[in-house]
Amino acid sequence: MDRKLVKQKSEYRWIVERAGAMKVDGVIFASESLIAGMDNKVVEQVRNVAALPGIVGASYAMPDAHWGYGFCIGGVAAFDPDAGGIISAGGVGFDIACGVRTLHTGLKLRDLEGRHELLADLLFRKTPAGVGSTGRIKLRPAQLDEVLANGAPWAVEHGYGLPDDLRFIESGGRMPGANPAKVSDLAKQRQAEEMGTLGSGNHYLEVQQVVEIYDAEAAAAFGIEPDDIKISIHCGSRGLGHQVGTDYLKSMASCARQMGIELPERELACAPLSSDVGQSYLGAMRSGINCALANRQILTHLVREVFDEFQRSAAIRLLFDVSHNTCQEETHTIDKKPRRLFVHRKGATRAWGPGHPGLPAEYARVGQPVLIGGTMGTASYILVGTAESEHMGLSSSCHGAGRNMSRTAATKQWNGKDIARQLAGRGILIRTRSIRGVAEEAPQAYKDVSEVVEVSHNQGLARKVAKLVPLICIKG
DNA sequence: ATGTCC
């Protein structure tokens with residue numbers, strides 16, 4: 001990055017000073033080396049978002065930020081509906097409510113001894129993965145509307161999971177205010193056979209080993225001990241979310257044009273929260289959130305089926321489920337006054353601090369689990385939300401490693417088979433239906449997740465609780 | 001991310 005674009009305010013906080021059409025400053029949380037590796041495009045996108053109507057506070061970028069459609073990935077921005085604030089499909093991302101769910105298994109590393117290949121094969125056989133993959137559930141539009149209105153509780157009611165699972169999902173697994181009537185028939189058609197599927201790209205289902213504990217109190221509250229076997233699922237709202245994004249990008253572009261909102265990039269398209277298009281998107285996006293929450297719930301049930309076969313003594317329970325592509329209505333204190341805002345987090349994780357009323361009782365004293373997915377070859381982290389994060393980036397943290405290379409560049413540089421072989425040599429088993437996908441997702445195509453997490457921790461956006469390394473990765 | 005360009 002060109003250093004003239006930012007002003008360093010403290011070790012991990014860089015300001016993009018308000019200029020031109022910007023209504024607020026930009027704030028980038030990063031270390032010296034992450035800033036050095038960040039594209040100038042991140043600054044440009046932070047600036048563009050800062051110029052949108054009704055933005056409040058600042059336009060933020062998390063340490064894993066990189067270029068995205070309209071808003072950068074790793075972008076956080078809040079808008080006030082009573083001050084002309086907007087909502088943007090590109091500010092949520094095309095994979096609505098893409099997120100991470102981590103499961104306890106009740107097993108230790110020694111319980112898998114000599115059976116890693118078997119578990120990999122069982123999980124791969126059971127988990128539909130890859131572009132266009134379909135699941136065992138076929139839904140007519142009216143049935144899909146129930147999924148979109150009810151989220152994970154729909155899945156539990158239909159036999160996919162346990163009622164207690166719901167307490168460990170953001171918003172109890174159901175985002176209120178969903179309006180399935182605002183989701184196009186095409187979006188529903190695309191989703192008809194895709195419930196309970198992983199998808200492709202950076203999505204995965206991983207068997208992980210806890211290798212390090214940083215915060216004993218939070219780890220105890222979350223139920224994390226060294227050598228625990230956990231399972232993490234990273235996926236979202238599949239074809240439905242993507243189609244909702246596509247549909248509303250178009251209607252928002254024409255709405256913005258009519259409202260005279262200047263759009264430096266087409267994907268920055270947005271609509272006032274008070275407008276019909278804005279309200280329709282809100283109802284459709286919330287349907288997409290429920291779709292993703294139900295999807296991860298069904299995948300959890302499939303994991304339970306695998307463990308019924310693999311190891312009957314296993315107990316699959318939820319640690320937590322949190323999305324990192326959303327726009328949520330939240331109250332934040334701005335200039336000492338509480339305000340009702342619509343917070344876009346695109347590739348950023350909500351990170352509530354201790355005592356937040358929305359937390360399950362078990363976690364109330366320590367704060368919200370913040371699930372950070374790494375790459376196939378590095379590590380994932382579990383962090384915990386802090387009180388001070390509220391005043392830094394609206395209680396937000398990083399969401400993963402963040403790419404530092406495009407998918408096409410990665411496929412030119414590496415061969416998927418070689419990557420899988422190298423990982424197998426390190427005891428990490430990959431199962432995939434797309435070997436090209438493995439090249440696209442090569443660990444080397446990402447920033448250093450440990451560095452990203454270290455910045456989040458040192459800055460206080462969220463604090464480190466545990467480090468997990470992959471043993472088995474079912475790639476989308 | 002994605003029926004990887006209706």
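A, B, ... follow the sequence lines: proteins, then strands. Residue 1 opens every chain.
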- Under 6.0 Å from the CD atom of A/E262, do we count more than 12 heavy atoms belonging to anything else shown? no
- Query: Which part of the nucleic acid, if any, lies within reach of A/R436 when heavy atoms closer than 4.0 Å are counted: base, sugar-phosphate only, or nothing?
  - Reply: base
- Query: Counting only side-chain N and O atoms of A/R238, is one of them less than 4.0 Å from OP1 or OP2 of B/dT2?
  - Reply: yes
- Query: Mapping A/H234 and A/E440 to their closest nucleotides on DNA chain B, which lands nearer the 5' end?
  - Reply: A/H234
- Please report, rounded to the nearest Å, how far the C1' atom of B/dT2 is from the CD atom of A/E267. 14 Å
- Message: Tell me whether A/R407 is salt-bridged to A/E441, with the criterion being a basic N under 4.0 Å from an acidic carboxylate O.
- Response: yes
- When the distance from CD1 of A/I96 to P of B/dT2 is rounded to whole Å, what number comes out? 12 Å
- Check every strand shown and say whether A/S200 touches a base, only sugar-phosphate, or nothing at a heavy-atom separation below 4.0 Å. base
- Let me know the distance between NE2 of A/H242 and P of B/dT4, rounded to the nearest Å. 9 Å
- Task: Answer yes when A/E329 and A/R286 have at least one side-chain N-carboxylate O distance shorter than 4.0 Å, and no when they do not.
- Result: yes
- Message: What contact category does A/Q189 fall into here, base, sugar-phosphate, or nothing, at under 4.0 angstrom with non-hydrogen atoms?
- Response: nothing
- Could you give the CZ-to-P distance, from A/F94 to B/dT4, as a whole number of Å? 14 Å
- Applying the ring-ring contact (aromatic ring centres under 6.0 Å, His included) test to A/H399, which of A/H234, A/H324, A/H66 qualifies? A/H324
- Task: Assign A/G199 to base, sugar-phosphate, or nothing according to its heavy-atom contacts below 4.0 angstrom with the strands shown.
- Result: sugar-phosphate
- Starting at atom NZ of A/K250, determine the distance to atom C1' of B/dC5, rounded to an integer number of angstrom. 12 Å
- Message: Need one value for A/L240: base, sugar-phosphate or nothing, where a base atom within 4.0 Å counts as base even if backbone is also close, heavy atoms only.
- Response: nothing
- Item | d(CZ, A/R433; P, B/dT4) in whole Å | 18 Å
- Query: Taking the inter-plane angle between the rings of A/F79 and A/H344 on a 0 to 90° scale, is it parallel (under 30°), tilted (30 to 60°) or perpendicular (over 60°)?
  - Reply: perpendicular
- Task: Return the value, rounded to whole Å, for the distance between atom CD of A/E194 and atom C1' of B/dT4.
- Result: 13 Å
- Task: With DNA chain B as reference, determine whether A/R403 or A/S434 sits nearer its 5' end, using the nearest nucleotide of each.
- Result: A/R403
- Task: Quickly work out the A/L249 CG to B/dC6 P distance and round it to whole Å.
- Result: 14 Å
